[in-house]
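Take a look at the structure set out below.
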Amino acid sequence: MTDLCQPDQVVWCDGSDAEKDALTAEAVEKGILIRLNQEKLPDCYYHRSHPNDVARVEQSTFICTETQGQAGPTNNWTAPKEMYERLYNLARNSMAGRTMYVVPYLMGPPGSPLSKVGVELTDSIYVVLSMRIMTRMGNVAWEHLGESDDFNRGLHCSLDLNPERRFIAHFPQDNTIISVGSNYGGNVLLGKKCLALRIGSYLGRNQGWLAEHMLILGVESPTGQKTFIAAAFPSACGKTNFAMLVPPERFHGWKIWTIGDDIAWMKPGADGRLYAINPEAGYFGVVPGTNFKSNPNAMTCMARDTIYTNVALTPDLDVWWEGKDGPPPNECLDWQGKPWTPASKEKAAHPNSRFAAPMTNNPALAPEVNDPEGVPISAIIFGGRRADTLPLVLQAFNWIHGVYLGATMGSEMTAAAAGTLGQVRRDPLAMLPFCGYNMGDYFSHWLKVGKSLKHPPRIFNVNWFRKDAAGKFLWPGYGENMRVLKWIVDRCHGQAEANESPLGWLPAATSFDLQGMNGFPLANFDLAQAIDRDEWRREAASQDELFGKLAGQLPPELLFQRNLLLSRL
Ligand code: GTP
Ligand code: SPV
Ligand code: MN
């Protein structure tokens, strides 16, 4: 790769504090990072990405398998030979005058049979410093690798950030990733979406495990019983918030522990249960809307040791964003560095502005996060962002029905990816942008894993985002989601009643706790749970588009499930 990219020098990163200090100083000197007010925000830095490079780019993301059928109709595909040639041509000499950093990193706890090693070659200091937060970077990776050559090969070349020359290409059969022309989050922190999900899902299918776009949390009851839950919501639909939930007053004595906020690797254990690890070591979280009321733990995470990207910068080198506690600053610089005042029409922070903070800053970090065996999962939750149709919570009748609920998830598009905001699209298991192989085969893999489990997790569907006729959220969300979680935990332990509906099991009035919700009109709960049969007939019909696309590879079980739904309706 040095012959190809021709860097002026090569630096092997060891992950040490001294190295971090030196790279940070260099980044500040070069204007890549701005040192924030160290009294208010110790060890925090500020970064602006190029205005055309602020989110994942799905149209430039490719799965390069031998045949197009292996990548399937939901992925962009180019033959590996052709893509290697195109990207090597772009990478050729692209690091002349620059430094190539060799970043060894470990995804998952040291010593875990589920953990994987990657090596990312990059010419971006921002990437190195972010990888140091998001992964276990440095010698720990070489130690895990030992004499093996089983590691992911990653190459990242910033180029000139021209979107025409931006490609995020995956070669699952070679365990290789090449990303060029971007310097933004999910496009370039190769351990995250590229390795942990796209390559990971491909490896998982071949090796009998699951790589999922899921948070993992532990619910501890007042008696000390711990129940672990994984939940898949599409990008910017509430995973970080749910993973760090602080229970309301009513749930005194209950405690939520975070294992992970974005990615789960899960494998059947010898006892017939499904075990999960979080492969990451940090959070790359959405900033706007985060405050001490909505997510106090995230606020604590990003109070130190954090890299902020594309938020607003105040004159005293503090950060600001829409939805932060307190009044807006009288003046500041917006995410593009332009002067901003409260009278400005544009947003000060980009809607997809992010913080990168180490998980060890999280006051609710679960002690099990470093357990090499992972945690046993009792429930899996699928959730979408839907203004209508989908109730607040329901439980699947069984695993196959649950996979059908996941496979047919619809969600409004968010700022996490370049595209049309607000448009509802099918985002199966929140993996549409992240499944590294044929989506139909992915559904089959889920059915197969379920069959292999003696004690499969119960499966649930949630929707925090249903709205009333005036366009207001029916459910207050955030900490109050504890009420939904409590019902789910109770169901897992056979302690809550449910009523059968055409869609699945719904909470019985007696089993769902609505007490102590100050100012919440109880009728809103019924509206949030309402099932409109006509809406659901339309919903089932609109699943044709995805099912038709996957035709040859779609497991028949899912078609049967849809027919059963229609007959129940
Ligand atoms: P990615 O990092 O892109 O994968 O996103 P995520 O799934 O972790 O989403 P996150 O928790 O960052 O939330 C995204 C947006 O949804 C933020 O603007 C939140 O304020 C909002 N949000 C989160 N939870 C709730 C909720 O319960 N109700 C409502 N109405 N909004 C929520
Ligand atoms: C997402 O888009 O789902 C994210 C942010 O978690 S990124 O890392 O950019 O993919
Ligand atoms: Mn995500």
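One-based numbering, in listed order, for ligands and for the atoms of each. Side-chain atoms are counted along with the backbone in the values below, which use heavy atoms only and exclude waters and symmetry mates.
Annotation: Ser235 places an N or O atom under 3.5 Å from an N or O atom of ligand 2; distance criterion only. Any N or O atom pair closer than 3.5 Å counts here, and Ala416 shares no such pair with ligand 2. Considering backbone and side-chain N/O atoms, Gly238 comes within less than 3.5 Å of an N/O atom of ligand 1. Residue Lys193 has no nitrogen or oxygen atom sitting less than 3.5 Å from a nitrogen or oxygen atom of ligand 1, judged on distance alone.
Annotation: side chain of Thr122 is not in contact with side chain of Leu190 (no heavy-atom distance under 4.5 Å). Side-chain contact between Tyr45 and Thr306 is absent, with no heavy-atom pair separated by less than 4.5 Å. In this structure, Phe171 and Ile177 have side chains that are not in contact, with every pair of non-hydrogen atoms separated by 4.5 Å or more.
A parallel orientation is assigned to the rings of His47 and Tyr126, their planes being inclined by less than 30° (bins at 30° and 60°).
Summarising the contacts of atom 4 (C) of ligand 2 with His213, Glu280, Lys193, the nearest heavy atom is found in Lys193. Closest heavy-atom approach to atom 1 (P) of ligand 1 among the candidates Pro234, Ala236, Pro476: Ala236.
Remark: ligand 2 atoms within the under-4.0 Å shell around heavy atoms of Lys192 are 6 (O), 8 (O). Every atom of ligand 1 with a heavy atom of Asp262 under 4.0 Å away is listed here by number and element: 4 (O). Within the listing of ligand 1, atoms 12 (O) sit less than 4.0 angstrom from a heavy atom of Val286. Of all atoms in ligand 2, listed by their number and element, those nearer than 4.0 Å to a heavy atom of Phe284 are 8 (O), 9 (O). The atoms of ligand 1 that sit less than 4.0 Å from any heavy atom of Asn481 are 27 (O). Applying the 4.0 Å criterion to heavy atoms of Trp464 picks out, from ligand 1, the atoms 26 (C), 27 (O), 28 (N). Listed by number with element, the atoms of ligand 2 under 4.0 angstrom from any heavy atom of Asp262 are 6 (O). Numbered from 1 in the order shown, with element, the atoms of ligand 1 that lie under 4.0 Å from a heavy atom of Pro288 read 18 (O). Every atom of ligand 1 is numbered from 1 in the order shown, and the set under 4.0 Å from a heavy atom of Arg385 is 15 (C), 16 (O). Listed by atom number, the atoms of ligand 1 under 4.0 Å from Arg354 heavy atoms are 1 (P), 2 (O), 3 (O).
Of the protein's heavy atoms, Tyr478 OH, 3.5 Å lies nearest to atom 19 (C) of ligand 1. With respect to atom 6 (P) of ligand 1, the closest heavy atom belonging to the protein is Lys239 N, 3.3 Å. Ranking protein heavy atoms by distance to atom 29 (C) of ligand 1, first place goes to Phe465 CE2, 3.6 Å. Nearest protein heavy-atom neighbour of atom 9 (O) of ligand 2: Gly186 N, 2.9 Å.
For Asp262 and Lys192, the salt-bridge test passes: some basic side-chain N is under 4.0 Å from an acidic carboxylate O. Looking at Asp513 and Lys486, no side-chain N of the basic residue comes within less than 4.0 Å of a carboxylate O on the acidic one, giving no salt bridge. Ion pairing between Asp325 and Lys293 fails under the 4.0 Å rule for side-chain N and carboxylate O. A salt bridge is defined here as a Lys NZ or Arg NE, NH1 or NH2 lying under 4.0 Å from an Asp or Glu carboxylate O, and Glu280 with Arg136 fails to meet this definition. Looking at Lys324 and Glu322, no side-chain N of the basic residue comes within less than 4.0 Å of a carboxylate O on the acidic one, giving no salt bridge. Salt-bridge formation is detected for the pair Arg425/Glu58: a Lys NZ or Arg NE/NH1/NH2 atom is positioned less than 4.0 Å from an Asp or Glu carboxylate oxygen.
The Mn ion (ligand 3) is closest to atom NE2 of His213 (considering only N, O or S atoms).
When all heavy atoms are compared, the tightest approach of Ser294 to Asn291 is N-OD1, 2.7 Å. Of all non-hydrogen atoms in Trp320 and Ala349, the two that sit nearest each other are O-CB, 4.1 Å. Between Arg483 and Phe512, the shortest heavy-atom contact is O-CE1, 3.7 Å.
Under 3.5 Å, the side chains of Asp468 and Asn524 contain no donor-acceptor pair of N or O atoms.
Heavy atoms of other residues, nucleotides or ligands lying less than 6.0 angstrom from CZ of Arg466 number more than 12.
Looking at Asn187 against ligand 2, nothing comes within 4.0 Å, counting heavy atoms. Neither the backbone nor the side chain of Phe242 comes within contact range of ligand 1; no heavy atom lies under 4.0 Å.
Judged by the shortest distance from any of its heavy atoms, Glu480 lies outside the 4.0 Å radius around the atoms of ligand 1. Note on ligand 1: Cys237 sits in its first shell, one or more heavy atoms being nearer than 4.0 Å.
With the Mn ion (ligand 3) as vertex, Asp262 OD1 and Lys193 NZ subtend 110°, rounded to 10°.
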